[in-house]
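Shown next, in structure tokens, is the structure this report addresses.
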Amino acid sequence: MIAECLSRAGDDSAQLGAALALLCTLACPPAKGLLQRPTDAFCLLEAAAEGSRLLLDSAAEHQDAEMADKGLLLAAAAARSCSSSDHGRLPEWHSGAGKLQRLLMRTMLAMPLQPLRHRAFYALEALLAAFQADIRLQAVEEMISTSLPSVAALLLHSLTRWVTQSWPQSASVGNSGSDDWKVLRHRLLPVLEATILTNGSCGWSTPPALIEQAEPLCAAVNLLRLLLTREKHQGPILSDATIPAALSHNAVCTLSATAEAVLASLDQQGPEDLAAALGLERILEVTSIILET
């Protein structure tokens with residue numbers, strides 16, 4: 001009902017009022033059967049995307065951090081309501097989810113206040129978690145390949161947490177574990193290859209590109225380290241074969257040697273060089289752990 005009012009409200013103040021009313025409704029414990037069908041959730045995400053946009057636009061116009069916070073709270077509350085609904089996680093990516101995703105991504109990049117950028121990312125994580133594993137992973141893959149390096153790194157860290165949460169408890173990881181793991185184990189390798197290999201979507205074959213991509217590279221190598229450690233103790237974990245040496249050794253060696261050479265070439269006098277050196281040192285720290293095991 002409130003979502004319908006939001007779409008029909010005429011002036012800006014009425015729309016803002018409807019958006020705040022929707023936030024208040026979602027902040028209360030959800031009533032049983034509130035979202036009985038996936039279409040109900042899709043309608044809610046559509047309304048939340050519009051309501052969050054109105055609140056964030058108003059916040060930007062009036063320099064109102066509290067209003068921006070309410071806009072991000074609305075996005076997160078709608079996503080969590082969809083995750084906890086009676087029908088389970090959503091089976092398809094809907095236009096409302098796409099609008100909300102793009103809004104949150106823009107906020108992460110443009111918002112000057114760091115706590116609100118973090119809140120935007122937490123809302124994005126909640127949105128992704130509302131979808132079935134294959135849909136969620138596809139969205140994550142697309143965002144990693146098209147986002148700025150800082151956002152891609154956050155998404156890779158989030159993916160690592162998801163892998164850890166989904167990991168099978170038993171020693172056999174073949175077809176055991178959660179439904180999420182059964183999807184992840186067949187599709188993690190392309191994500192890692194796209195990020196870590198020199199000809200992947202990150203494209204770090206030149207020193208400037210390596211420096212620019214240091215954050216997502218470090219996050220991807222950390223995920224690779226986790227998988228290699230598990231593989232060492234439990235056998236093949238991705239599909240039915242071990243992680244190929246082209247990735248687990250050759251690519252890591254190339255990355256480590258290139259990072260070391262670029263680090264040696266920096267004079268580390270200016271702030272940009274110092275920031276680049278820190279990123280390269282993090283890469284070297286993680287790659288050295290992999291190469292020593």
I'd like to know whether Asp180 forms a salt bridge (Lys or Arg N to Asp or Glu O under 4.0 Å) with Arg89, so could you lay out the CA-CA distance, the side-chain angles of the two residues, the decisive distance to 0.1 Å, and finally the verdict.
CA-CA 11 Å; Asp180 284 15; Arg89 290 188 293 177; 2.6 Å; yes
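- Under a 3.5 Å cut-off, the side chain of Thr107 and the backbone N or O of Leu103 do form a donor-acceptor pair.
- Around the CD atom of Glu260, the shell of radius 6.0 Å holds no more than 12 heavy atoms that belong to other residues, nucleotides or ligands.
- Although no hydrogens or angles enter the test, the distance criterion places no donor-acceptor pair under 3.5 Å between the side chain of Ser58 and the main chain of Leu54.
- In terms of heavy-atom proximity, Leu224 sits nearest to Ser248 at CD2-CA, 4.4 Å.
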Can Glu141 and Leu137 be said to form a side-chain contact (heavy atoms from CB on, under 4.5 Å), step by step?
CA-CA 6 Å; Glu141 287 175 303; Leu137 185 56; 4.3 Å; yes
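- At least one side-chain heavy atom of Met108 sits under 4.5 Å from a side-chain heavy atom of Phe121.
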Salt bridge (Lys or Arg N to Asp or Glu O under 4.0 Å) evaluation trace for Glu285 with Arg282
CA-CA 5 Å; Glu285 181 181 355; Arg282 286 195 295 271; over 6 Å; no
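- The side-chain hydrogen bond (donor to acceptor under 3.5 Å, both in side chains) contacts involving residues 215-224 comprise Asn222-Arg225, where partners must be two or more places apart or lie in separate chains.
- In this structure, Arg119 contributes its side chain and Leu73 its backbone to no donor-acceptor pair below 3.5 Å.
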Using the rule given for side-chain contact (heavy atoms from CB on, under 4.5 Å), can you reason through Leu90 versus Ile135, listing the C-alpha separation, both sets of side-chain angles and the distance that settles it, and then say yes or no?
CA-CA 9 Å; Leu90 300 177; Ile135 305 299; over 6 Å; no
Does the pair Gln132 and Trp93 meet the rule for a side chain to side chain donor-acceptor pair (under 3.5 Å), with working shown?
CA-CA 9 Å; Gln132 292 177 2; Trp93 192 257; over 6 Å; no
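- Taken from CD1 in Ile283 to CG in Leu263, the straight-line distance is 10.0 Å, to the nearest 0.5 Å.
- His94 is linked by a ring pair (Phe, Tyr, Trp, His ring centres under 6.0 Å) to Phe42, counting only residues two or more places apart in sequence or in another chain.
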